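Working notes for the structure below.
Because the structure is a prediction, the values reported are computed rather than measured. Atom set for the values below is all heavy atoms of this structure, side chains included, hydrogens, waters and symmetry mates excluded. We name chains A, B, ... by the order of the sequence lines, and we start the count at 1 in each one.
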There are 2 protein chains.
Amino acid sequence: MLHQTETTDRAARQGAGSIRKGAARRTKLLPSLDAAIAACELRDGATVSFHHHLRNGDAVLNMVLDALAARGLKNLHVAATSIFPVHAPLVDHIRAGVVSTLSASFISGPVGEAVSRGLVPEPVVMRTHGGRARALDMGELVVDAAFVAAPAADDLGNISGRAGKTACGTLGYPQTDVEVARHVVAVTDSLVPFPVQPIDISQGKVDFVVAVESIGDPSGIASGTTRPATEPVSLGIGEQAAAVIAASGLLVDGFSFQTGAGGISLATAAAVGREMTRRGVTGSFASGGITGFHVEMLKAGLFRTLMDVQCFDLDAVRSYQSDPRHQAMSAATYAAPHLGGAVVDRVDAVVLGAAEIDLAFNVNVTTKAGGILIGGSGGHADTAAGAQLSIITTRLTAAGFAKLVPEVTTLTTPGTTIDVLVTDQGIAVNPARADLAERLRAADLNVRSIEDLAAEATKAASQPTPPRATGRVVATCEYRDGSITDTVRQMEDAP
Amino acid sequence: MLHQTETTDRAARQGAGSIRKGAARRTKLLPSLDAAIAACELRDGATVSFHHHLRNGDAVLNMVLDALAARGLKNLHVAATSIFPVHAPLVDHIRAGVVSTLSASFISGPVGEAVSRGLVPEPVVMRTHGGRARALDMGELVVDAAFVAAPAADDLGNISGRAGKTACGTLGYPQTDVEVARHVVAVTDSLVPFPVQPIDISQGKVDFVVAVESIGDPSGIASGTTRPATEPVSLGIGEQAAAVIAASGLLVDGFSFQTGAGGISLATAAAVGREMTRRGVTGSFASGGITGFHVEMLKAGLFRTLMDVQCFDLDAVRSYQSDPRHQAMSAATYAAPHLGGAVVDRVDAVVLGAAEIDLAFNVNVTTKAGGILIGGSGGHADTAAGAQLSIITTRLTAAGFAKLVPEVTTLTTPGTTIDVLVTDQGIAVNPARADLAERLRAADLNVRSIEDLAAEATKAASQPTPPRATGRVVATCEYRDGSITDTVRQMEDAP
């Protein structure tokens, strides 16, 4: 504590005379990405992070990597939330040694293929969305510079996901990066007068701002289907999944729900919504990546609020722009396991997909049959662990391959966190959930053993499941707590 | 980086079998403040922080101090944002040795008197709002537990300032504390089902939640005047201050403005608003503590947005509840000097009050004539330093004492950051701003030398300015950067 001497008063008062007002207004605006890279003092081996709110429309990752390459930097670690086909140029940067390390929660497209073929020198670390937030928070993943694709920003670094020509809605993923990154650069194509409105990331978290011609193509946000399935098999699976939820005992006031954006998931949501209406149930929240379909459920009064880490389509963006019940959440709040409870821990029922599921209910959403990297957990393992009722929906076969297999090629989500499998040929309940199996049977649902369904899948498959790759480890699958659930090995030959 | 061995795949997969879903849903809800104090592992000498959004209606500080005292804790440091008359019971806790150290940005009422009389063993550290945020961020002020008065909260710790029976609006001050405090406790009288909506502080920042009967009296929020002055002298000063702004060259599109909640400040705002309307000027933002009067200016289209660290009255609360143009900002975003630019740095004109101002334009808002602690900088020194035009408005005398004096009793805000003094007897311009003096003279404003005005003040005063107290140092006034502008000394005798 301070103990002042007798002479301090006068000295302090004289010192105060030297305080001057700032002559020029400070700004965080820099003229180029190159200037921002210099200001961040990035060196060879630095870790740079990116988010995927612009999904397959994102231009920022490629643009920043080009600028890093132009500065002659090498051996960089790209710590992305997700990599999409649009990020194909990253392959060349890996080949050129600009990037030697990669981590992400989801990798699809040419980069995934390149990883599987052994192009990245270091094993790629695949984390869950919640695990990545934890790793950032705990200092396991140290980011030297986070580059935030900013739909709108002002020159002091306030960022809005709701304004600008490339509005993408919530900014849940960078919200976590900006908390811990050594430097944060907002990259925007809508530099607006101070202060931008409405603010999604506050200026206090941002060091530099760079204005560019375009951060991406907003139509790329709506990659993938965001409408319920309409063809009969998927619709049937959705109806069955909804029937499972209806029979589970969870479909009462306060019900909370998460689905992905796939056709079966949304078909399930549609059927659940009809049942909620029939019963007069008002849910508490729907969470996750949010689609226009979830927005319709909010508007219909089926849920009190939406908890949105990422808008999956432009209808969701418009809702977040205009409806205060549509709330943003950070990746950490959404799914991190170390904060005493995340939103996923309060989800009653989640409907998830699978590339493969096995007899132990383990799920693979990381590789396709044979081992090519085509995805990753994203929030899959997080929600499965958190939800009271985790439902996997899938057909028994796809493209001639069995999807229900003796052992998954890559273990993304442990079967101990999966409660039910719903297929086009019946429902299997995890043996650990005998209570649930009983409820489903009482509701006259077609409950079968997973072994029966697996046998049927094998019979229906026209091609055998390819063996696992046996090359060196090219990726590790980290569970939310940092433990490793599996590894991905290099393909012997191109598929 | 990870280098997997050949045997890792199988080991990891076996390990995955041990992952279990959480059996019971985690909650941060604790049964009592006592339990929260235990959970925070608070010990003798701990630092506990509080915010003042409930102003003179706050019940949380007293309630928590009682609980800390009941646990037998001693020598605590109370790191408050502001202390009001309602916190009188703190005096007893100081007397009993429960609290031995105090820091705040503003102290009024019985605690201020107790400090001036030497009751607190350690010198009290008076910081500016921005300086406190900086000290927290830089680790100079380490908080063991931040107690957040939460108008509404859910059991995972999401906090809303907009919901609940004691809604106080924005939560700018605790937003800064929760970023760095070792533990954060939300104390709420409206515990609602998860998730609370709309969220102002996210669950990821909160460790524990305690429900209590009442966190305070919402009518206490509107302490002090929040309407423009109506009596002629104050109105006249307001008109003159507005004329200074009108003549300054700053009153053009994009104009940004801050005033306090005092009658003269709001009278100035009213006159500025009329001039904006006359000129067809649209401002960018009004900032600070926000009143219903600022809300009216927003609604009238005079400003594009409000940047609100704290709602000063219930009209402001209602506006923040319903109007997305009314934006919240943290104390750090508002006023901190270390983040490359705060909102105060973008204020064009600020209108501030003074207990005393001297010939060097130094301002005292910390003590009243004679030295009793009656306030503190709050955002005074921050906005004066940031704004292009810092205006002090005051009468030449009050209660028989001169307010314009040769040397201020306590130096809160350095005169080098003050541009103009507007009084009921004329306007004095800081000699460093010859450009401004010229503009004001060109506008036929009554510009006089500060020495002339001071002589007039001395003549008009019926009582001499009491000498400074000469006892031990009872408080230090920290500038925003942590340097010390002055000290407050113990009163020799009670006033």
Side-chain angles (χ1 to χ4, degrees), chain A residues 1-4 8-9 12-13 15-17 19-22 25-28 101 122-123 125 156 193-195 197-199 202-204 207 254 284-285 304-305 307 324-325 327 329-330 332-333 336 339-341 343 345-346 360 362 385-386 411 414 416-417 473 476 479 483-487, chain B residues 1-4 8-9 12-13 15-17 19-22 25-28 101 122-123 125 156 193-195 197-199 202-204 207 254 284-285 304-305 307 324-325 327 329-330 332-333 336 339-341 343 345-346 360 362 385-386 411 414 416-417 473 476 479 483-487:
Chain A
M1 289 310 302
L2 292 158
H3 289 282
Q4 299 301 317
T8 305
D9 304 29
R13 279 154 169 264
I19 291 166
R20 295 272 160 228
K21 291 178 87 122
R25 292 198 159 180
R26 290 187 289 182
T27 178
K28 297 176 182 173
T101 314
E122 299 283 344
V125 180
L156 276 186
F194 181 89
Q197 187 252 324
I199 295 167
S202 174
Q203 61 187 53
D207 300 293
S284 53
F285 67 92
R304 187 158 52 76
T305 179
M307 297 297 282
R325 298 173 302 173
Q327 303 202 90
M329 62 178 170
S330 72
T333 294
L339 295 172
V343 169
D345 295 319
R346 291 306 174 91
N362 293 321
L411 198 166
T416 47
T417 64
V473 171
T476 58
Y479 196 58
S483 63
I484 292 179
T485 58
D486 210 345
T487 55
Chain B
M1 289 309 303
L2 291 159
H3 291 280
Q4 300 301 319
T8 306
D9 304 27
R13 281 154 168 265
I19 292 165
R20 294 273 160 228
K21 293 179 85 124
R25 292 200 161 181
R26 290 187 287 182
T27 179
K28 298 176 181 173
T101 314
E122 299 284 345
V125 180
L156 276 187
F194 180 89
Q197 188 253 324
I199 294 166
S202 173
Q203 62 187 51
D207 300 293
S284 54
F285 67 92
R304 186 160 51 77
T305 180
M307 297 296 284
R325 297 173 302 172
Q327 302 202 90
M329 62 179 170
S330 72
T333 294
L339 295 172
V343 170
D345 296 317
R346 290 306 172 92
N362 293 320
L411 197 166
T416 46
T417 63
V473 171
T476 59
Y479 195 58
S483 63
I484 291 176
T485 57
D486 211 345
T487 55

Task: Region of B/Thr333 that comes under 4.5 Å of a non-hydrogen atom in chain A - done: both
Task: Under-4.0 Å salt bridge between A/Asp207 and A/Lys28 - done: no
Task: A/Arg346 side chain to B/Arg25 backbone, donor-acceptor under 3.5 Å - done: no
- [ ] Could you have a look at B/Pro195, B/Ala336, B/Pro193, B/Gly386 and say which one has the most heavy-atom pairs with chain A under 4.5 angstrom?
- [x] B/Pro195
TODO: Could you tell me whether a side-chain N or O of B/Gln197 sits under 3.5 Å from a main-chain N or O of A/Gln327, the two making a donor and an acceptor?
DONE: no
Open item on the list: Heavy-atom cut-off 4.5 Å, strictly under: side chain, backbone, both or neither for A/Ser330 against chain B?
Closed with: neither
- [ ] Could you look at A/Met329 and say if it's the side chain, the backbone, both or neither that has a heavy atom under 4.5 Å from chain B?
- [x] neither
Open item on the list: Is it the case that the side chain of B/Thr101 and the backbone of B/Glu122 share a donor-acceptor pair, with hydrogens and angles ignored and the cut-off at 3.5 Å?
Closed with: no
